[in-house]
Amino acid sequence: MESHDLSAIWQENAEDWLAWARTPGHDVAFWEMNLPAMLDVMPSPGIGTVDIGCGEGRVGRVLAQRGHRVHGLDSSETLADAARTAGGYEEVVHGDATELPWPPEMFDLAVAFMCLMDMPDPARAIREIARALVPGGRLCVLLTHPLDRPARSVEDYFAETEWDERVQENGLPMRFVGRARPLGYYTGALSDAGFVIEEIREPRPGVELIGRFPQLDPAATRPWTLLIRARLD
Ligand SMILES: C[S@@+](CC[C@H](N)C(=O)[O-])C[C@H]1O[C@@H](n2cnc3c(N)ncnc32)[C@H](O)[C@@H]1O
């Protein structure tokens with residue numbers, strides 16, 4: 001298996017991601033399906049929320065509008081700078097999810113939105129998140145679904161495989177590089193870090209949504225993403 005430095009590739013592609021995430025009307029799966037699914041399971045604002053792999057900051061800005069005091073972290077300097085400049089966050093740190101710069105028990109909510117599969121060592125990041133949460137704190141995770149392996153071998157579901165896809169949609173180019181891991185990788189990492197899983201959902205577009213956004217139709221029969229909410233014991 002060819003293996004890239006996954007996190008470094010996000011910095012290389014940061015300008016393309018900025019355009020992808022910020023072009024109005026472009027990332028329909030995010031705004032119409034995945035973000036609403038996440039908001040549906042998210043607890044109310046509490047002592048503090050941390051947005052892991054915050055990218056250019058669209059998740060944190062929405063959470064701030066809903067009353068969360070959000071701290072963000074991303075390993076891409078360009079994206080962390082963009083999130084900080086756009087506002088909404090208490091602070092945005094350029095850093096790695098496996099070494100969070102905050103003291104223990106600083107937050108009661110952590111969000112890892114579409115980023116753990118983009119990291120070399122998500123189990124270590126999950127342990128760090130547990131350290132930064134108070135007991136009873138929640139972690140909300142959205143991932144590429146472990147079964148969503150377009151253009152990749154599905155011969156061995158349990159093997160870690162890397163994807164490296166260049167796409168062009170609405171004239172916007174993007175390179176997505178990440179690692180497919182089986183569901184048990186994530187449930188095991190959560191359990192090992194002291195979390196109890198409260199919810200597992202597979203966001204799926206309904207008929208009305210597909211009517212407005214036909215490009216979401218494939219996700220009605222084959223899940224694109226997986227949502228997990230877990231509580232630190
Ligand atoms: C698909 S983007 C998602 C960004 C944001 N959560 C959103 O939904 O708009 C994945 C993000 O994970 C970040 N990332 C990758 N590896 C990371 C790591 N080891 N630590 C922190 N962030 C990382 C990337 O830089 C990128 O911004």
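Remember, it's 1-based here, ligands and their atoms both numbered in the order they're listed. Positions are given from 1, in the same order as the sequence printed here. All of these numbers come straight from a predicted model, not from anything done at the bench.
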Query raised in the report: Can you tell me if His145 and Glu202 form a side-chain donor-acceptor pair at under 3.5 Å?
Result: yes

Report task. Could you verify whether a donor N or O on one side chain and an acceptor N or O on the other, from Gln11 and Thr78, lie under 3.5 Å apart? Result -> yes

Query raised in the report: Taking the six-membered ring of Phe30 as reference, does the NZ or CZ atom of Arg58 fall below 6.0 Å from its centre and within a 45° cone about the axis?
Result: yes

Tell me which protein heavy atom sits closest to [atom], plus the residue, atom name and distance to 0.1 Å.
atom                    : result
atom 9 (O) of ligand 1  : Arg58 NE, 2.7 Å
atom 5 (C) of ligand 1  : Gly53 O, 3.3 Å
atom 16 (N) of ligand 1 : Ser7 OG, 2.8 Å
atom 3 (C) of ligand 1  : Met114 O, 3.5 Å
atom 8 (O) of ligand 1  : Phe113 CD2, 3.3 Å
atom 20 (N) of ligand 1 : Ala97 N, 3.0 Å
atom 12 (O) of ligand 1 : Cys115 CB, 3.4 Å
atom 23 (C) of ligand 1 : Ser75 OG, 3.0 Å

Considering only heavy atoms of [X], which atoms of ligand 1 have at least one such atom less than 4.0 Å away?
X      : value
Gly55  : 4 (C), 27 (O)
Asp96  : 19 (N), 20 (N)
Ser76  : 25 (O)
Asp118 : 1 (C), 10 (C), 15 (C), 16 (N)
Leu79  : 27 (O)

Query raised in the report: What distance do Trp17 atom CH2 and Trp10 atom CH2 have between them, rounded to the nearest 0.5 Å?
Result: 4.5 Å

Query - Atom pair CD/CG of Glu169 and Asp27 - distance to nearest 0.5 Å - result: 8.5 Å

Judged by non-hydrogen atoms, does [X] sit under 4.0 Å from ligand 1?
X     : value
Gly95 : yes
Ala21 : no
Asp74 : yes

Requested in this report: Compare every heavy atom of Leu147 with every heavy atom of Arg222, then report the nearest pair and how far apart it is.
Outcome: NH2-O, 3.9 Å

Query - Over all atoms of both residues, closest heavy-atom pair of Leu63 and Val111 - result: CD1-CG2, 3.9 Å

Query - Transitive ILVMFWY cluster of Val28, excluding itself - 4.5 Å side-chain cut-off - result: Met33, Leu209, Phe213, Leu216, Trp224

Query raised in the report: With ILVMFWY side chains joined below 4.5 Å, transitively, what does Leu6's cluster contain besides itself?
Result: Ile9, Val177

Query raised in the report: Does the pair Ser75 and Asp96 meet the rule for a side chain to side chain donor-acceptor pair (under 3.5 Å), with working shown?
Result: CA-CA 5 Å; Ser75 58; Asp96 197 286; 5.2 Å; no

Query raised in the report: Heavy-atom contacts under 4.0 Å between Cys54 and ligand 1: side chain, backbone, both, or neither?
Result: backbone

**Report entry** Worked check of side chain to side chain donor-acceptor pair (under 3.5 Å) between Glu91 and His71
**Finding:** CA-CA 5 Å; Glu91 67 169 331; His71 296 247; 2.9 Å; yes

